[in-house]
Every structure is written in C-alpha cells, then in structure tokens.
Novice: 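This is the structure I want to talk about, given as structure tokens.
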Amino acid sequence: MLAPPVYTDFSSLESLRQEAKLDPQQGLREAAEQFSAVFLQMTIKAMRDASFGGGILDSSQSEFFRDLYDQQLALEISQGDGLRLADVMIEQLSAAQDLAGSADKF
C-alpha cells in the first residue's frame, strides 16, 4: 500500500505506476482516489471563487496557503468515506473492463 498522499509529493505518480504493475486492482483504486481528489479540489476552488468578497486579512500569501490547504483537504476527503466517488469509478471501470474482456473471447 502506498503512503498517505501529500499534495506536494510529485513522486506519487511513479509510485502509482509501480503499484499498478504489482496489483492492478489496487492501482485502479489509487488512480480513482487521485482523480477524485482533483475533482474535489476543483469543486472547492469553484466554491471559494463564488464567494462575495475577500476578508479584511486576505492577501496573495493567505490565498496561496488556503489553496494548499484546499488541495490537501481534497486528498484527505477522497481517501476517506466522505464522497465515495472513487468507489463508483472503480465499479464502472471494472464493469467496462469485464465487458471488454468478454467481447475479446468472441
């Protein structure tokens, strides 16, 4: 199993490739969770952009750290039982893969 993800860990893609080679089902889960995290991060960013205005203490530095926080928050939510988007993706991709595999037999 991979270490808990951190948004600033750029080597996680290589770890994901290695995991997929060893255990394709676990690799699919990790990829689905990462996609879910990206989707959540975009959703959080859109919600922040839709706010009515900045606070009195807002600055470019506070926005930078808030964005980092939002990105890490998205990773944490995608790893837990919160949204379960990864589970739906795995179910859909596994069904499509099974269908493709059975079509190859004919």
Novice: Does Leu85 share a hydrophobic cluster with Ile77, counting links as ILVMFWY side-chain heavy atoms below 4.5 Å and allowing steps through other members?
Specialist: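 Cluster IDs for Leu85 and Ile77 match.
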
Novice: Give, for atom CZ of Phe65 and atom OG of Ser59, the distance between the pair rounded to the nearest 0.5 Å.
Specialist: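 One gets 9.5 Å once the value is rounded to the nearest 0.5 Å.
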
Novice: Let me know which of Asp70, Leu75, Leu68 forms a side chain to side chain contact (heavy atoms under 4.5 Å, CB included) with Gln72.
Specialist: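 So the option named by the test is Leu75.
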
Novice: Distance only, no hydrogens: is a donor on one side chain within 3.5 Å (strictly under) of an acceptor on the other, for Gln34 and Glu30?
Specialist: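 Judged by distance alone, the side chains do not pair up.
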
Novice: Apart from Val38 itself, which Ile, Leu, Val, Met, Phe, Trp or Tyr residues share its cluster (side-chain heavy atoms under 4.5 Å, direct or through members)?
Specialist: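 Members alongside Val38: Met42.
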
Novice: If we ignore hydrogens and angles and just use 3.5 Å, is the side chain of Thr43 paired with the main-chain N or O of Phe39 as donor and acceptor?
Specialist: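 Pair found, side chain donor or acceptor close to backbone of Phe39.
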
Novice: For Arg66, which residues count as a salt bridge (charged side-chain N to carboxylate O under 4.0 Å, His left out) partner, sequence neighbours excluded?
Specialist: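 Partners of Arg66 by the salt bridge (charged side-chain N to carboxylate O under 4.0 Å, His left out) criterion come out as none, since no residue qualifies.
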
Novice: Any side-chain to backbone donor/acceptor pair from Ser94 onto Glu91? Under 3.5 Å, distance only.
Specialist: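 Here the side-chain-to-backbone pair does not exist.
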
Novice: Go through it in stages, so that I can follow the logic: the residues are Gln71 and Ile44, the test is side-chain contact (heavy atoms from CB on, under 4.5 Å), and I'd like the CA-CA distance, side-chain angles, deciding distance and then a yes or no.
Specialist: CA-CA 9 Å; Gln71 292 161 349; Ile44 292 169; over 6 Å; no

Novice: With a 4.5 Å limit on heavy-atom distance, are the side chains of Leu28 and Met89 in contact?
Specialist: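 No. Closest side-chain heavy atoms not under 4.5 Å.
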
Novice: Just to verify, what does Asp67 make a salt bridge (charged side-chain N to carboxylate O under 4.0 Å, His left out) with, not counting sequence neighbours?
Specialist: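 Here no residue qualifies.
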
Novice: Tell me the closest heavy-atom pair linking Ala37 and Ala74, and the distance in Å.
Specialist: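 The pair with the smallest heavy-atom distance is O-CB, 3.4 Å.
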
